[in-house]
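Notes to accompany the following structure.
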Amino acid sequence: MFVYADNAATTSVSKTALDAMLPYLTDYYGNPSSLYAFGQKATEALTQAREDIAACLNADPKEIYFTSGGSEADNQAIISAARNGAKKGKKHLISTKFEHHAVLHTLKRLEKEGFEVTLVDVHEDGIVRVEDIEAAIRPDTALVTVMFANNEIGTVQPITEIGALCREKKIPFHTDAVQAAGHMPIDVKAMNIDMLSISGHKFHAPKGVGALYARKGVLISNIIDGGAQERGKRAGTENVAGIVAMAAALKESVAHMEENTAKIIPMRDKLFAELSKIPHSKINGSLEHHVPGTVNMCFEGIEGESLLLMLDDQGICASSGSACTSGSLDPSHVLLAIGLPHEVAHGSLRLSIGEYNTMEQIDHIIEVVPQVVEYLRNMSPVWDELQKGERAHLI
Amino acid sequence: MALYSEKVMEHFRNPHNMGKIEDADGIGEVGNAKCGDIMRMYIKVDDEGVITDCKFNTFGCGSAIATSSMATDLIIGKPIEEALQLSNKAVVEALDGLPTHKIHCSVLAEQAVRAAVKDYYDRKGIEYNAEDFVFPEEDEHGHVAE
């Protein structure tokens, strides 16, 4: 059985999105910047897509800027706020320890350029505290950026409250909503959001397309220079087909959000319930404030990459925060940020399910994961020591 | 291209000589859990100084398991002196290569063999040059062997 359980990494393109985009690859391939009517067909499609996406976020179409994806939107939001702040002598940026690297690495770069960055704790439950943000705010704070939902552990942050605080303190507030868009209700007005990033391929649009919402009055500056596309804020001929697909996919996801959630939650809960029966396992992050589909757990005494390879052999696509899969020498910064010891973080498993998954697939995962964990534990000298009491259990 | 060669996947999927030797003549352990890989190697040595059996326990990624398996294959039936010549390069070659960031696994496999031999020497009271058995500790800043 093939089970795609890595929807937080990317999703399949929906039929709706594909059908919407195809004519803009085949029939209406004109450049939207062209004057002739043929090109204007593409312009009209962009206008409609902008309206549709704005409506899904309760934004104004003029507040939507199309980008190449979530990373570009994050980069542009942060760099814009930093540049604006620097003009007024404000060079302090606030974020959290478990942001996506698109945010953390942008902040790191700005730090090298003379900005000061404060990363607040995310606590054991993976939830940022509004008080911590408030305590970090200084007179020279130029931006607060806090992700809407964490990509690894799925915890949802108190965005409305952080937004209200920033509004009160007159500090621009950005949120990376890549994991939330299409999966949770987003209302940029009610949630006091100044800037927000989304990425199409996380909600059944193709890869390579995203958007940045920037509230009217929030100054955005270019990170890609060239033509006058996106009202001069993002050069480069628009990915018309991708943008059309993203609008169709987001509209569909938002329209079916309740029924999708109702389908996903029982599958997720069954995974949590059954996989928690594995001794010395741990659920990572609060389940109280959580995106519907993400399951993140650690199994003591094993390493994540070998777990993933064995699951792959059983047809299951999943991910892990082990060092070997993170491509660095340390395990996931997210798992370390919620206080997991290195040796436990190496044994993490993320399953992210979507509305296309079935209960039969969940049953397959529930059957396979305990077998693989047991097999790897039997091979592991760490587990041997834990069993003999020569090493203390950490979870 | 896949992350690993067919050979690595073969050894990962069906590791050779996985397990313990209860009455081992030497046991070596290298790596640490914090870094995400530990190898423990058990050897049986006969009166002639030949390694008659070798088994391993490994906590680690796919290549850590495959290099452990391959290392046991390469030293079983060999005199101790020959086993000590086993280099990480030989393990990598026997596995048809490893991705660059996984080379440290082969170094661990080489060290695990040496650590087991050292333990055997210690138990037997056989003298050796201590400098030949220095295993740099991995630390939280990264794998030293890369």
Side-chain angles (χ1 to χ4, degrees), chain A residues 280 298-314 317 319-333 335-336 340-349 371-388 390-395, chain B residues 2-4 8-20 22 27-42 55-69 72 98-105 108 112 115-116 138-146:
Chain A
H280 301 287
C298 282
F299 306 106
E300 204 176 15
I302 64 163
E303 194 279 331
E305 189 205 90
S306 39
L307 174 62
L308 295 191
L309 290 170
M310 298 206 68
L311 292 181
D312 186 25
D313 276 350
Q314 304 280 336
C317 306
S319 73
S320 168
S322 84
C324 280
T325 54
S326 71
S328 74
L329 301 169
D330 281 321
S332 140
H333 69 289
L335 300 179
L336 297 181
L340 291 185
H342 277 66
E343 41 273 70
V344 173
H346 284 301
S348 77
L349 172 68
Q371 291 168 3
V372 171
V373 169
E374 196 189 343
Y375 171 81
L376 290 172
R377 279 178 170 173
N378 285 335
M379 192 189 299
S380 165
V382 175
W383 185 248
D384 187 48
E385 286 169 15
L386 288 165
Q387 291 294 91
K388 285 184 186 151
E390 293 166 6
R391 180 189 280 271
H393 280 287
L394 296 169
I395 57 173
Chain B
L3 173 64
Y4 293 127
V8 171
M9 287 309 293
E10 221 177 278
H11 278 263
F12 168 72
R13 289 194 177 107
N14 296 298
H16 303 176
N17 309 304
M18 197 247 288
K20 280 183 221 181
E22 293 297 345
I27 302 174
E29 187 175 299
V30 292
N32 72 54
K34 227 182 147 180
C35 288
D37 36 31
I38 296 187
M39 284 183 200
R40 190 190 289 166
M41 206 75 90
Y42 306 81
K55 288 194 187 301
F56 79 89
N57 280 143
T58 289
F59 159 84
C61 59
S63 63
I65 292 168
T67 53
S68 307
S69 166
T72 62
L98 280 179
T100 315
H101 66 289
K102 299 288 187 178
I103 296 292
H104 76 93
C105 293
L108 275 185
E138 289 187 304
D139 63 28
E140 59 187 296
H141 304 296
H143 302 285
V144 291
E146 272 185 289

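Contacts of A:Asp384 with chain B are made by side-chain atoms alone, with heavy-atom separations under 4.5 Å and no backbone atom involved. With a threshold of 4.5 angstrom between heavy atoms, A:Arg391 approaches chain B through side-chain atoms but not through N, CA, C or O. Proximity to chain B (any heavy atom under 4.5 Å) is restricted, for A:Ile302, to the backbone atoms N, CA, C and O.
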Next on the checklist: Applying side-chain contact (heavy atoms from CB on, under 4.5 Å) to A:Tyr375 and B:Met18, what does each step give before you reach the verdict?
Outcome noted: CA-CA 11 Å; A:Tyr375 171 81; B:Met18 197 247 288; 3.8 Å; yes
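Here the closest non-hydrogen pair linking B:Gly36 and A:Glu303 is O-CG, 3.6 Å.
Between B:Met9 atom CE and A:Asp312 atom CG the span is 7.0 Å, to the nearest 0.5 Å. Remark: B:Tyr4 OH to A:Glu305 CD distance equals 3.5 Å, nearest 0.5 Å. The structure places CG of A:Leu386 at 9.5 Å from CZ of B:Phe59, a figure rounded to the nearest 0.5 Å.
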Would you be so kind as to tabulate the donor-acceptor pairs closer than 3.5 Å made by side chains of residues 60-68 of chain B, with sequence neighbours excluded?
unit_1	atom_1	unit_2	atom_2	d
B:Thr67	OG1	B:Ser63	O	2.9
B:Thr67	OG1	B:Ala64	O	3.1
B:Thr67	OG1	B:Cys105	O	3.4
B:Ser68	OG	B:Thr58	OG1	2.7
B:Ser68	OG	B:Ala64	O	2.6

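With hydrogens and angles disregarded, a donor-acceptor distance shorter than 3.5 Å links the side chain of A:His346 to the backbone of B:Lys34.
Within 6.0 Å of CD on A:Glu374 lie no more than 12 heavy atoms contributed by other residues, nucleotides or ligands.
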